[in-house]
Amino acid sequence: MSIPQQPGPTPVTSPGGSQPASGPRDVLGAAAQPPGVGAFDEHHPPSAELVADCVHCGFCLPTCPTYVLWGEEMDSPRGRIYLMKQGLEGEPLADSMVTHFDRCLGCMSCVTACPSGVQYDRLIEATRQQVERRHRRGPRDRALRAAIFALFPYRRRLRLLRGPLRAYQATGLPRLVRRSGLLRRLAPTLATVESLAPRLGRAARPPQRVAAVGTRRAVVGMLTGCVQGAFFPEVNAATARVLAAEGCEVVILPDRQGCCGALSVHNGREEEARRFARRMLDTFAAAGIDYFVVNAAGCGSTLKEYGDLLRDDPRYAALAADFAGKVRDLSEVLVELGPVATRHPLPVTVAYHDACHLAHAQGVRAQPRRLLRDIPGLELREIADPEICCGSAGIWNILHPGPAAELGDRKARTVLATGAGLLVTANPGCLMQVAASVTRAGGDIALAHTAQVLDVSIRGRGVEELLHQRTPS
Ligand code: SF4
Ligand code: SF4
């Protein structure tokens with residue numbers, strides 16, 4: 001891995017000059033906080049105790065994608081923690097401070113890397129909530145964020161896009177648009193969204209429940225998700241089939257469940273996130289489930305933190321903590337239960353990509369690899385620099401299309417270097433980001449979610465079923 005500057009053990013000294021003179025700047029612009037006001041208010045500011053846990057060793061720096069890109073101290077975990085400390089000591093929430101917080105992908109690679117156990121995840125989450133409440137962004141940034149949050153957490157609205165998008169994809173226009181580069185020059189954000197859109201097929205409506213095959217071993221709720229539900233319904237269908245084949249009765253309730261709140265949590269929209277969380281709890285509280293299964297990494301990490309999200313809510317706090325204890329990634333629950341369904345051979349070489357919110361935020365790395373290795377004939381290959389984010393990071397690739405494309409290009413190079421025929425991951429955002437990046441690199445690789453690989457193996461279908469889902473041309 002090449003980084004522009006080696007991390008040193010020197011403590012951060014000052015955020016002065018933290019805005020790189022010729023480095024990347026936030027194109028969205030922002031307005032400053034009124035002078036004389038401290039950065040954080042009293043409602044859950046970043047914890048001074050957690051900030052003090054950082055001993056400035058710099059071990060996290062080579063794993064931080066923004067530090068890898070720019071070599072700028074204030075765009076590293078250590079620098080951002082220093083800025084939080086400054087804010088706690090009375091520094092106002094200046095534009096430059098917000099810019100460095102905004103540039104954090106929230107990939108939590110630094111949490112895994114930190115030998116002192118610094119809980120950067122909790123720190124940045126609290127900081128983002130403060131930023132959203134106390135900082136007025138520039139008009140373009142506000143408009144873009146408003147559009148994103150009026151659309152992405154609402155599956156029905158996303159589904160309305162499917163028809164026009166399928167019609168557009170059926171023409172030769174996508175290839176023309178990408179090759180001409182015109183859209184990228186005129187409207188880079190729109191070009192990014194256009195390049196990320198997966199190829200859409202027909203979508204069947206998920207059932208309310210799926211019965212267990214054979215002896216019932218567990219009753220599980222299943223998240224359908226917003227982007228997953230609208231753009232990757234086949235992943236949800238595969239997830240339900242795999243769970244049923246492994247003896248789970250699957251409770252889906254697709255019309256009642258909404259967004260889990262992950263996008264809102266990761267972007268500091270605390271109240272909105274709580275609203276979504278309460279609705280999710282209302283939907284599944286009386287469903288009698290043993291586990292709540294998630295097949296999207298970013299959603300899983302948020303659902304596991306419902307207890308923390310609703311800790312101030314006397315009506316929901318205990319329910320949220322109990323529910324959070326039942327949340328499992330699909331790979332976790334399958335390993336916990338152990339296999340009963342036969343795996344049929346799949347002669348394919350697979351590169352497994354760790355989604356950050358699965359590997360770093362949830363610590364789930366071994367289970368998906370074990371499930372894949374247990375399939376006869378499947379050869380698993382590791383991708384170099386797995387700790388570095390692909391640049392997707394929820395909506396980060398839409399808010400920061402330039403650096404996200406750079407991270408995507410790095411990831412595409414390491415993915416293609418494996419020589420694998422199939423890229424497998426467990427997050428819709430990663431699938432879209434890596435697919436777009438591989439296409440930009442002129443490569444071609446089939447893509448699948450872990451659930452789809454297991455499903456094809458369990459059903460004894462040919463490997464061709466997996467290989468038809470290609471990167472967009
Ligand atoms: S969460 Fe990721 S981008 Fe943010 S500071 Fe940590 S490693 Fe860097
Ligand atoms: S966050 Fe952890 S790894 Fe990074 S500088 Fe602080 S103590 Fe060291």
Side-chain angles (χ1 to χ4, degrees), residues 40-47 50 84 93 101-102 104 106 108 119-137 142 145-158 221-229 253-287 289 292-294 296-328 357 361-362 393-396 399 429:
F40 307 125
D41 62 30
E42 290 303 306
H43 180 70
H44 300 315
S47 153
L50 296 187
M84 292 171 199
L93 197 55
F101 293 144
D102 278 355
C104 169
M108 306 312 167
Q119 295 179 49
Y120 179 85
D121 46 349
R122 294 183 62 190
L123 288 171
I124 192 67
E125 212 157 270
T127 302
R128 290 209 203 278
Q129 290 175 6
Q130 296 275 343
V131 168
E132 283 315 295
R133 271 203 312 277
R134 296 173 54 75
H135 180 75
R136 188 165 169 79
R137 297 180 183 281
R142 282 207 308 277
R145 284 170 192 259
I148 287 170
F149 283 96
L151 178 65
F152 280 69
Y154 301 97
R155 197 174 59 249
R156 286 195 184 92
R157 295 178 197 172
L158 282 174
M222 187 186 117
L223 182 79
T224 52
C226 305
V227 171
Q228 189 86 284
L253 311 177
D255 301 324
R256 287 171 54 196
Q257 63 167 289
C259 174
C260 68
L263 272 190
S264 308
V265 168
H266 297 152
N267 289 278
R269 299 164 71 96
E270 186 186 10
E271 270 318 308
E272 185 179 79
R274 286 183 173 163
R275 216 174 52 241
F276 287 135
R278 287 189 198 102
R279 178 171 167 186
M280 190 64 76
L281 292 172
D282 289 342
T283 302
F284 285 97
I289 57 173
F292 188 74
V293 178
V294 188
C299 305
S301 69
T302 294
L303 284 150
K304 286 180 177 178
E305 288 165 6
Y306 267 13
D308 194 44
L309 181 63
L310 291 170
R311 66 191 182 281
D312 296 335
D313 185 329
R315 218 178 120 216
Y316 281 89
L319 189 62
D322 179 62
F323 181 83
K326 293 178 179 172
V327 175
R328 301 282 189 284
H357 274 92
Q362 299 181 58
I395 57 168
W396 198 87
L399 296 173

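Residues take their numbers from the sequence shown, with the count starting at 1.
Every side-chain contact (heavy atoms from CB on, under 4.5 Å) that Q129 has, sequence neighbours left out, goes to R133, E270. In this structure F284 satisfies the ring-ring contact (aromatic ring centres under 6.0 Å, His included) test together with F292, sequence neighbours excluded. Taking the salt bridge (charged side-chain N to carboxylate O under 4.0 Å, His left out) definition, one finds that D308 meets it with R311, sequence neighbours left out. With sequence neighbours excluded, the residues satisfying side-chain contact (heavy atoms from CB on, under 4.5 Å) with C260 are L223, A262, M280, C299, L303, Y306. Listed by chain and residue number, L50, D121, R122 satisfy the side-chain contact (heavy atoms from CB on, under 4.5 Å) test with Q119 (two or more places apart in sequence, or in another chain).
Remark: L309 CG to E125 CD distance equals 8.0 Å, nearest 0.5 Å. Taking CG from L123 and CZ from R128, the interatomic distance works out to 12.0 Å, rounded to the nearest 0.5 Å. For the atom pair CZ (F152) and OG (S264), the distance works out to 12.5 Å, reported to the nearest 0.5 Å. In this structure, the separation between NE2 on H44 and CG on D312 is 3.5 Å, given to the nearest 0.5 Å. A distance of 9.0 Å separates CZ in R269 from CZ in R275, rounded to the nearest 0.5 Å. To the nearest 0.5 Å, atoms CZ (F323) and CG (L281) are separated by 6.0 Å.
The residues K326 and D322 are annotated as salt-bridged, a charged nitrogen and a carboxylate oxygen being separated by less than 4.0 angstrom. A salt bridge links D102 to R137: at least one charged side-chain nitrogen sits closer than 4.0 Å to a carboxylate oxygen.
For the pair R279 and R256, the minimum side-chain heavy-atom distance is 4.5 Å or more. Side-chain contact between H357 and H266 is present, with heavy atoms from C-beta onward closer than 4.5 Å. Looking only at side-chain heavy atoms (C-beta outward), F149 and I395 come within less than 4.5 Å of each other. Residues D282 and Y316 form a side-chain contact, since some pair of their non-hydrogen atoms from C-beta on lies under 4.5 Å apart.
The backbone N or O of H43 lies less than 3.5 Å from a partner atom in the side chain of Q130, making a donor-acceptor pair. Side-chain atoms of S301 never come within 3.5 Å of backbone atoms of Q362 as a donor-acceptor pair (strictly under, hydrogens ignored).
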Report task. Apply side chain to side chain contact (heavy atoms under 4.5 Å, CB included) to the pair L263 and T302, showing each step before the final yes or no. Result -> CA-CA 9 Å; L263 272 190; T302 294; over 6 Å; no
Report task. Would you check, one step at a time, whether the test side chain to side chain contact (heavy atoms under 4.5 Å, CB included) holds for T127 with F40? Result -> CA-CA 8 Å; T127 302; F40 307 125; 4.2 Å; yes
Report task. Determine, step by step, whether V294 and K304 satisfy the side chain to side chain contact (heavy atoms under 4.5 Å, CB included) criterion, reporting the C-alpha distance in whole Å, the side-chain angles of both residues, the deciding distance to 0.1 Å, and the verdict. Result -> CA-CA 10 Å; V294 188; K304 286 180 177 178; over 6 Å; no
Requested in this report: Go through the steps for L399 and I148 under the test side chain to side chain contact (heavy atoms under 4.5 Å, CB included), then give the verdict.
Outcome: CA-CA 10 Å; L399 296 173; I148 287 170; 4.1 Å; yes
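Taking both residues in full, the closest heavy atoms of V131 and L93 are given as CA-CD2, 4.0 Å, listed atom of the first, atom of the second, then distance. Across V327 and G300, no two heavy atoms sit closer than the pair CG1-O, 4.1 Å. The shortest non-hydrogen separation linking V265 to A273 is CG2-CB, 3.4 Å. Closest approach of A296 and Q228 over heavy atoms only: CB-NE2, 4.1 Å. Considering every non-hydrogen atom in both N267 and E132, the closest pair reads O-CG, 3.1 Å.
Applying the side chain to side chain donor-acceptor pair (under 3.5 Å) test to every pair with at least one member in residues 146-157, sequence neighbours left out, gives these pairs: R155-T224.
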